[in-house]
Protein chains: 2
Amino acid sequence: MYDDWAERFRALGDTTRLRILSLLSVRDACVCELVELLPISQPAVSQHLRKLKQAGLVDEYRQKSWTFYRLRADMPLHIADWVRELKADESDVLWLQTHHVGALCTNRDT
Amino acid sequence: MYDDWAERFRALGDTTRLRILSLLSVRDACVCELVELLPISQPAVSQHLRKLKQAGLVDEYRQKSWTFYRLRADMPLHIADWVRELKADESDVLWLQTHHVGALCTNRDT
DNA sequence: TCACTATATCATTATATACTTATATCCTAG
DNA sequence: CTAGGATATAAGTATATAATGATATAGTGA
C-alpha cells in the first residue's frame, strides 16, 4: 500500500544520495563528475544513481560519451519542495560552476 | 551534513512505519492498539516506535497504564505536509473510531 | 505487598544495504 | 572495426535493519 513511498523515502535515507541530489539541484552532472566530488568509487556512485532512478527522483540522458543525471521534473510534489530547499555545500557549488565535463575528461569546454 | 534528514527519511522508508503514521494521523494510539492492528509482534512495534521517535516524528505520553504515541506537532514542515495527506486504510480508520483502549484491554469488546 | 498488564530491551537470525574490486557493456573517435 | 574512456553489472564482504521469542521494567489496583 505504501510501497512506492517507502521506496522513495529509503532512497532519500542516505547522506551520500542526499548529497547527490544537492549536487543535481545545482546543475545536471555526469557520473564522472559525481565521482570526482564524492569520496566513493565509481561503481558505488553508479549504484546510488540507480536507486535514485528507481525511486523516480532522477533520470538520465546521454550527451557525447557521458551519461548525465538530472532531477526529475515530475518528482512527487512534497519531495520536490523539499529538494528545492536542499542546499549544496558551497565548495560543491563552486566546483560545479567552475568545471565542465569536457575539461575534466578529454576535450575542453562544453 | 544531511544526517538528520537522512535519519528522518530512513524512518519513513518502511511500510510498517508509514502505516503507523497513518494510524496516528487518525488519532493518538497506545502501543497495545497498534499491536492489535499490525501483523507483527509487540517488540517489533515498540522498536518501530522508537525509530519514529528518534527521528522526531512522534512522541509519547502516559495515560493510566498506557503509553500513547502521537504525531509530533513540530515535525519538519514538508514531512508534516506529506503526513497530512497520508490516508489510513479505511478498515484501520473504522477500528480506531470504534475501539478505545479501555475496552480493548480490560474488557473484551468487539 | 503482590499479581497483572503494558511496554521496553536483549539476544539472535535472516535479509537488505553500501561499499569494494574485477569485469562487462556501451559509445565515440579514428 | 578497434581502442579507449565512461558507465553498469557482478561478486564478495561488512554493517544495518526488521523480525522473533525471552526477559526485564514500570505502573495499577486489589
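Letters go in sequence order (proteins before strands), and every chain restarts at 1.
For B:Ser65, no side-chain nitrogen or oxygen approaches OP1 or OP2 of D:dT28 to under 4.0 Å. The phosphate of C:dC19 (OP1 or OP2) has a side-chain N or O of A:Thr16 nearer than 4.0 angstrom. Phosphate contact (OP1/OP2 of D:dA8, side-chain N/O of A:Tyr69, threshold under 4.0 Å): present. Residue A:Lys64 has no polar side-chain atom (N or O) positioned under 4.0 Å from OP1 or OP2 of C:dA29. Not one side-chain nitrogen or oxygen of A:Ser41 sits closer than 4.0 Å to the OP1 or OP2 atom of C:dC19. In this structure, B:Arg10 reaches the D:dT17 phosphate: one of its side-chain N or O atoms is under 4.0 Å from OP1 or OP2.
Side-chain contact between B:Lys53 and B:Val58: present, with at least one pair of heavy atoms (C-beta onward) separated by less than 4.5 Å. Between A:Phe9 and B:Arg8 the shortest side-chain heavy-atom distance does not fall below 4.5 Å.
B:Gln47 places its CD atom 9 Å from the C1' atom of C:dA8, with the value rounded to the nearest Å. Protein atom NE2 of B:His48 is 15 Å distant from nucleotide atom C1' of C:dA8, rounded to whole Å. The CD atom of A:Gln54 sits 12 Å away from the P atom of D:dA8 (whole-angstrom rounding). Atom-to-atom, CD1 of A:Ile20 to C1' of C:dA18 comes out at 12 Å; the value is rounded to the nearest Å. For the pair B:Arg50 CZ and C:dC10 C1', the computed distance is 10 Å after rounding to whole Å. When the P atom of C:dT17 is taken as reference, atom CZ of A:Arg17 falls 9 Å away, rounded to whole Å. When rounded to the nearest whole Å, the span between CD1 of B:Ile40 and P of D:dT17 equals 16 Å. Atom CD in B:Gln42 sits about 15 Å away from atom P in D:dT23, given to the nearest Å.
Comparing D:dG27, C:dC19, D:dT7 by their closest approach to the side chain of B:Arg62 singles out D:dG27. Comparing C:dT7, D:dA19, C:dT20 by their closest approach to the side chain of A:Ala44 singles out C:dT20.
In this structure, B:Cys30 and B:Phe68 approach most closely via the heavy-atom pair N-CD2, 3.6 Å.
Nearest-nucleotide assignment on DNA chain C puts the 5′-proximal partner with A:Gly13, out of A:Gly13 and A:Gln63. Nearer to the 5' terminus of DNA chain C, by closest-nucleotide assignment, is the contact made by A:Asp14 (compared with the other of A:Asp14 and A:Pro43).
Backbone-only contact: B:Thr67 has heavy atoms under 4.0 Å from sugar-phosphate atoms and none from a base.
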### Query
Under the side chain to side chain donor-acceptor pair (under 3.5 Å) criterion, do A:Glu85 and B:His78 qualify, and how do the steps go?
CA-CA 10 Å; A:Glu85 291 181 11; B:His78 295 308; 3.1 Å; yes
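Below the 3.5 angstrom threshold, one finds no donor paired with an acceptor across the side chain of A:Glu60 and the base of D:dT7.
Between A:Trp82 and B:Trp82, the ring center distance fails the sub-6.0 Å criterion.
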